[in-house]
2 protein chains.
Amino acid sequence: MPKVTFYNLPAEKQQKLIAAAQSEFSSAPLAVASIANIVKAAGIPRGSFYQYFEDKEDLYLFLLEGMMKERKKRLEEILLNCNRNLFEAILEFYKQNLQEEENLSGFRRNVFLNMTDKAETTFSKILITENMGEAMQKIEALIDIGQLNVSNDEELIHLLKIVFAVTMRNQVEKFSKNLSNEESIANYTAELNLLKRGLVRPTQ
Amino acid sequence: MPKVTFYNLPAEKQQKLIAAAQSEFSSAPLAVASIANIVKAAGIPRGSFYQYFEDKEDLYLFLLEGMMKERKKRLEEILLNCNRNLFEAILEFYKQNLQEEENLSGFRRNVFLNMTDKAETTFSKILITENMGEAMQKIEALIDIGQLNVSNDEELIHLLKIVFAVTMRNQVEKFSKNLSNEESIANYTAELNLLKRGLVRPTQ
DNA sequence: GCTCGATATGACACCTTGTCACATCTCCTT
DNA sequence: AAGGAGATGTGACAAGGTGTCATATCGAGC
């Protein structure tokens, strides 16, 4: 996370640096992106960069967290619009993500195609707030648990992790195989339906 | 993949290079590992390295593919031992993986914590052979599809992709949160059970 | 106007990668 | 046995990346 000096910067300068970083991380994955390019685009000297962030990854995760928070907010809105139906909402969320990615920068693409554990942890906060208690109440306000085949909080967390894993895999596949939006949505829908009804044939 | 010159090398020299690479990639993820260390450990000049492999990533994916093939073979054995029951077998497979990782090199750890799309694609071949036809027949020889809640090949592929995604996520979580084997197996078992019975409460 | 801690700056040491001109080997032909 | 062509081996090197540090500058309080 940024150092205090970054937050003390005039908002304008912060934005310029963020924009420069977004641009660089859009055209190159973390390992390939260069600080030289970022500071050049932002118009700051190299030494200053290290006043604001620990290193390249620090800045990267900061951007990622910003994106994640914004996505989380969007998902929560969709959930409320879908009567708290998790599966309806997550599909709509997925569709909207693909839509946005059509225009949007390649940042998400690079994130998905190079998923480090730190990025994944940051990302998983979209769906999963892990710590029991207060956070669970918020989840239960957003998701109609009555519809789900779980009997306690622990199972609910597992369910969310499953949905997260499947969603991520489809996103990655979309980028890595260059699927069309329609193909990807069809795949994702099929997998969600499988998830819903169960992978094992019921014994009668 | 390696160039022909690599395969023309005496087996001993090949092995030394592979061992050196394994060691380097065990102590550092792809982006951090250095060719200098590998060639030093293998006792070959830097220039030679580029006769054998395109670059660092080429070697990395080659190692990964070797590991994947070996894992795939192991999974197939387990499937046959488990009467072709996919879920029983995949759990046993998971357990054995954790066991091995206790002693084994940190290579797998670094792979899981830094999953690029290329690595994931290589890896997904453990379970999924994608191309229809011949490959599907092999899958059907190994997995008792009668137990599964699918009605065609396409759905079967989706099912396998789901299982792959969930398995991967648990592996990553195991490493990234430093879970004990027992914790990780308990989580994985819980998620498999959820998958089997379905995430949505059946409407009566 | 002075002082001191915080911030800004860019030259620099150190490290990596991939290449290339040149040396050496291998094996076929004569 | 000599020659030669193509494959392979080799390490010095250019280009470029990272993080640091000595030094300059700023800014608030007295």
Side-chain angles (χ1 to χ4, degrees), chain A residues 1-64 107 110 114 116 118-119, chain B residues 1-64 107 110 114 116 118-119:
Chain A
M1 287 298 99
K3 304 182 181 176
V4 269
T5 48
F6 177 74
Y7 292 110
N8 291 339
L9 243 39
E12 187 202 358
K13 218 170 172 184
Q14 282 184 32
Q15 276 318 113
K16 202 166 174 190
L17 181 49
I18 289 176
Q22 202 118 29
S23 160
E24 176 68 5
F25 289 129
S26 294
S27 54
L30 176 59
V32 177
S34 105
I35 295 178
N37 284 341
I38 296 175
V39 297
K40 195 164 60 182
I44 62 170
R46 182 178 190 80
S48 294
F49 177 87
Y50 289 94
Q51 302 276 5
Y52 308 143
F53 293 91
E54 285 301 329
D55 53 22
K56 201 169 51 170
E57 191 186 28
D58 191 25
L59 170 53
Y60 181 79
L61 291 176
F62 172 64
L63 288 189
L64 198 59
F107 181 47
N110 284 323
N114 299 273
T116 66
K118 287 183 190 170
Chain B
M1 288 299 100
K3 305 182 182 177
V4 269
T5 49
F6 177 74
Y7 291 111
N8 291 339
L9 244 36
E12 187 201 358
K13 217 171 174 183
Q14 281 184 32
Q15 276 318 115
K16 203 167 174 190
L17 181 48
I18 288 176
Q22 202 119 28
S23 160
E24 177 68 5
F25 289 130
S26 294
S27 54
L30 176 59
V32 177
S34 105
I35 295 178
N37 284 341
I38 296 174
V39 297
K40 194 164 62 181
I44 63 170
R46 181 178 191 80
S48 294
F49 176 87
Y50 289 94
Q51 302 275 4
Y52 308 143
F53 294 92
E54 285 301 329
D55 53 22
K56 201 169 51 169
E57 191 185 28
D58 190 26
L59 170 54
Y60 180 79
L61 291 175
F62 172 64
L63 288 190
L64 199 58
F107 180 49
N110 284 324
N114 299 273
T116 65
K118 287 184 191 169

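Note on naming: letters A, B, ... go to the chains in the order of the sequence lines (proteins, then strands), and numbering restarts at 1 for each one. Computed from a prediction, not measured in an experiment: that's the story for all the values here.
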For [X] and [N], what is the distance between atoms [atom1] and [atom2] respectively, to the nearest whole Å?
{"X": "Lys56(B)", "N": "dG17(D)", "atom1": "NZ", "atom2": "C1'", "value": "12 Å"}
{"X": "Glu54(A)", "N": "dG19(D)", "atom1": "CD", "atom2": "P", "value": "10 Å"}
{"X": "Phe53(A)", "N": "dG19(D)", "atom1": "CZ", "atom2": "P", "value": "14 Å"}
{"X": "Leu59(A)", "N": "dG19(D)", "atom1": "CG", "atom2": "P", "value": "12 Å"}
{"X": "Lys3(B)", "N": "dG9(D)", "atom1": "NZ", "atom2": "C1'", "value": "13 Å"}
{"X": "Glu57(A)", "N": "dT18(D)", "atom1": "CD", "atom2": "P", "value": "13 Å"}

(request) For DNA chain D, determine which residues of residues 35-50 of chain B have any heavy atom closer than 4.0 angstrom to one of its atoms, and list them numerically. (result)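 Per residue number, the list reads Pro45(B), Gly47(B), Ser48(B).
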(request) Under 4.0 Å from any atom of DNA chain D, heavy atoms only: list the residues of residues 4-20 of chain B that qualify, in numerical order. (result)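 Thr5(B), Asn8(B), Leu9(B), in order of number.
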(message) Within the supplied structure, the quantity of interest is the number of heavy atoms (other residues, nucleotides, ligands) at a distance under 6.0 Å from Lys3(B) NZ; does it exceed 12?
(response)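 Yes, the 6.0 Å shell around NZ holds more than 12 heavy atoms from other groups.
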Hey, what do you get for [atom1] ([X]) to [atom2] ([Y]), rounding to the nearest 0.5 Å?
{"X": "Asp58(A)", "Y": "Tyr52(A)", "atom1": "CG", "atom2": "OH", "result": "14.0 Å"}
{"X": "Ile35(A)", "Y": "Asp55(A)", "atom1": "CD1", "atom2": "CG", "result": "7.0 Å"}
{"X": "Asn114(A)", "Y": "Leu30(B)", "atom1": "CG", "atom2": "CG", "result": "9.5 Å"}

(message) Would Phe25(B) and Leu59(B) count as a side chain to side chain contact (heavy atoms under 4.5 Å, CB included) here? Give the steps.
(response) CA-CA 10 Å; Phe25(B) 289 130; Leu59(B) 170 54; 4.0 Å; yes
(message) Heavy-atom nearest nucleotide on DNA chain D for Gln51(A) versus Ser34(A): which residue maps closer to 5'?
(response)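 By nearest-heavy-atom nucleotide position, the 5'-most residue is Ser34(A).
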(request) Please assess Val32(A) against Asn110(A) for the test side chain to side chain contact (heavy atoms under 4.5 Å, CB included), listing each intermediate value before the final yes or no. (result) CA-CA 11 Å; Val32(A) 177; Asn110(A) 284 323; over 6 Å; no
(request) Would you check, one step at a time, whether the test side chain to side chain contact (heavy atoms under 4.5 Å, CB included) holds for Glu24(B) with Tyr60(B)? (result) CA-CA 10 Å; Glu24(B) 177 68 5; Tyr60(B) 180 79; over 6 Å; no
Using residues 7-23 of chain A as the side-chain source, report each donor-acceptor pair under 3.5 Å to any protein atom, sequence neighbours left out, with the distance given to one decimal.
from, atom 1, to, atom 2, distance (Å)
Gln14(A), NE2, Phe6(A), O, 3.1
Gln14(A), NE2, Tyr7(A), O, 3.2
Gln14(A), NE2, Leu9(A), O, 3.1

(request) Without swapping roles, check the side chain of Lys118(A) against the backbone of Leu61(A) for a donor-acceptor pair under 3.5 Å. (result)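 No; zero donor-acceptor contacts below 3.5 Å.
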(message) Check this one for me: any side-chain N or O of Tyr52(B) less than 4.0 Å away from OP1 or OP2 of dT8(D)?
(response)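 It does not, given that no N or O in the side chain of Tyr52(B) lies less than 4.0 Å from OP1 or OP2 of dT8(D).
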(request) For Ala33(A), report the nucleic acid contact type (base, sugar-phosphate, nothing); a contact means any heavy atom under 4.0 Å. (result)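 Sugar-phosphate, backbone atoms only, no base.
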